[in-house]
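Side-chain atoms are counted along with the backbone in the values below, which use heavy atoms only and exclude waters and symmetry mates. Remember, predicted model here, so these are calculated numbers, not experimental data. Starting from 1, each residue takes its place in the sequence as its number.
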Amino acid sequence: MMKYFVLLVTTFFLINFNSHAQIQPGYKLEFGVNTGKTTINSGGEVAGFDIRLEKGFSNRLSATLTAGYIRNFNNRPIVQQDHWVYTGTRDVIPVKAGLKFFVQDDIYVGGEAGVGLGLAHGTNSFLYSPSVGYAFKNGLDVSLKYEGFSRNTIANDLSLRLAYGINLDKRYARKETAQTDSWQLGIGLISGTTNSHDAVLGTEVDLYRPLTGNLEATASLGVFHIFDAYRSVITNKQTAGQTLIPAMAGLRLFAGNKFYLAGEAGAAFDTHGKAQFAWAPSAGLAFGSGLDLSLKYAGFNGNQIQDFMALKIGYHFKL
């Protein structure tokens, strides 16, 4: 599969070599999410996010520096000492540098290389990643990328990446609206999966208080249920899952009028009444109509509650 991907990109590059590009010299900060599948039959789904710093050198060429997080949901159990053992996920932190070349006004090919820091087993691997994509003039960036690992080939994946870029040479401030000087209340539904491939479903109530034109203080209270269905099959035990109530506070920073980055920290209470430290970074879009879409990662200190990644669909309104 890799050789065909390289052949396709090379052919595309040669056909469009003489066309013009839209990139301008300067710095750009990009926030992306990606999802795909591993390229071997025994693999599984892949999801992750990244932050990329891009420096334009000319109208066609730019350099990139990318760091992020990749989760490989390999839900295939293995046999170990006559027992079925669930292998869980393979977590990787990729750190890459590379080049991006525009072959048309908005179409580019790229290549990056670096190291993949393996969290689950503490192993590191050389990482390379060719890509082809389309950069919209409003900051959106859609690309198809391949990631190959020299030591852990089970993690090799082909993924679709969706990103939003911020031009650091311009000042981005949120437009002043009637809502920027008042409290807002938000309600949302959350659905996702844990690091053991268990489903997560819940609801959350959020409170927002503007501090400046593009910075808000936040507080949230939620109720989530983790369904332990797969673990029940493996251990042959009937469990009802786990319910938790997280209460957190933090900040939300807007880059532009809709896109934001947020982070919260606090405590999460499980079904046994035990509290654990909780933290939750997220990125999303808040529309003027009240609709709020975000991707959220929830982490917990300890092994009583599983970390999870989820999609949140919410609605916010002025109090």
Side-chain angles (χ1 to χ4, degrees), residues 1-3 5-6 9 27-40 42-55 62-75 87-101 108-135 140-166 192-195 197 261 263 279-283 295-299 307-311:
M1 179 177 290
M2 178 58 186
K3 63 180 180 181
F5 181 79
V6 174
V9 172
Y27 286 95
K28 183 173 75 171
L29 188 63
E30 204 170 74
F31 304 90
V33 295
N34 57 81
T35 181
K37 289 186 71 68
T38 54
T39 56
I40 61 175
S42 59
E45 293 79 13
V46 173
F49 58 88
D50 60 56
I51 299 176
R52 173 177 294 170
L53 181 64
E54 185 174 333
K55 166 61 176 176
S62 66
T64 61
L65 180 63
T66 307
Y69 173 79
I70 302 172
R71 171 156 289 176
N72 176 1
F73 296 94
N74 183 357
N75 59 355
T87 58
T89 61
R90 290 171 172 83
D91 301 323
V92 178
I93 296 178
V95 180
K96 303 174 289 183
L99 296 173
K100 194 161 136 181
F101 188 88
Y108 65 86
V109 292
E112 292 183 306
V115 60
L117 305 175
L119 300 181
H121 304 288
T123 57
N124 302 332
S125 173
F126 173 74
L127 167 65
Y128 60 97
S129 179
S131 64
V132 58
Y134 190 96
L140 290 178
D141 190 303
V142 180
S143 62
L144 183 68
K145 66 172 183 174
Y146 175 86
E147 288 179 312
F149 298 85
S150 62
R151 295 189 62 184
N152 190 11
T153 57
I154 193 174
N156 294 353
D157 66 86
L158 186 65
S159 298
L160 181 68
R161 179 177 184 265
L162 176 64
Y164 182 82
I166 302 169
T193 182
T194 69
N195 54 6
H197 219 274
L261 295 173
W279 54 281
S282 62
L295 185 66
K296 177 177 185 176
Y297 179 86
D307 298 351
F308 64 83
M309 183 177 291
L311 178 68

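Residues Ser125 and Ser150 approach most closely at OG-N, 3.0 Å, considering heavy atoms. Ala283 and Leu261 make their closest contact through CB-CD2, 3.7 Å (heavy atoms, listed as atom of the first residue, atom of the second, distance).
A 4.5 Å side-chain heavy-atom check between Lys55 and Ser62 finds every atom pair outside the cut-off. Between Asp50 and Arg161 there is a side-chain heavy-atom pair separated by less than 4.5 Å. Under the 4.5 Å side-chain criterion, counting only non-hydrogen atoms from C-beta, Tyr134 is not in contact with Asp141. At a threshold of 4.5 Å between non-hydrogen side-chain atoms, the residues Leu158 and Leu144 count as touching. Between Val115 and Leu127 the shortest side-chain heavy-atom distance does not fall below 4.5 Å.
With 3.5 Å as the limit, one finds no donor-acceptor pair spanning the side chains of Glu54 and Thr64. Using modelled atom types and a 3.5 Å distance limit, the side chains of Tyr297 and Asp307 yield a donor-acceptor pair.
The distance from atom CG of Asn156 to atom CZ of Phe149, rounded to the nearest 0.5 Å, is 7.0 Å. The line from NZ of Lys296 to CZ of Phe308 is 6.5 Å long, rounded to the nearest 0.5 Å. Lys145 NZ to Ser129 OG: the interatomic distance, rounded to the nearest 0.5 Å, is 5.5 Å. For the atom pair CZ (Phe49) and OH (Tyr69), the distance works out to 7.5 Å, reported to the nearest 0.5 Å. Here OG of Ser131 is found 14.0 Å from OH of Tyr146. Values are rounded to the nearest 0.5 Å. Atom OG of Ser143 is separated from atom CG of Leu162 by 9.0 Å, given to the nearest 0.5 angstrom.
Looking only at distances, no side-chain donor or acceptor of Ser282 sits under 3.5 Å from a matching main-chain atom of Leu295.
Contacts of Leu65 classified as side chain to side chain contact (heavy atoms under 4.5 Å, CB included), with partners at least two apart in sequence or in another chain: Ala97. Listed by chain and number, the residues in a side chain to side chain donor-acceptor pair (under 3.5 Å) with Thr66 are Arg52, Glu112 (sequence neighbours excluded). Under the side chain to side chain contact (heavy atoms under 4.5 Å, CB included) criterion, Ala63 pairs with Phe57, Leu99, not counting sequence neighbours.
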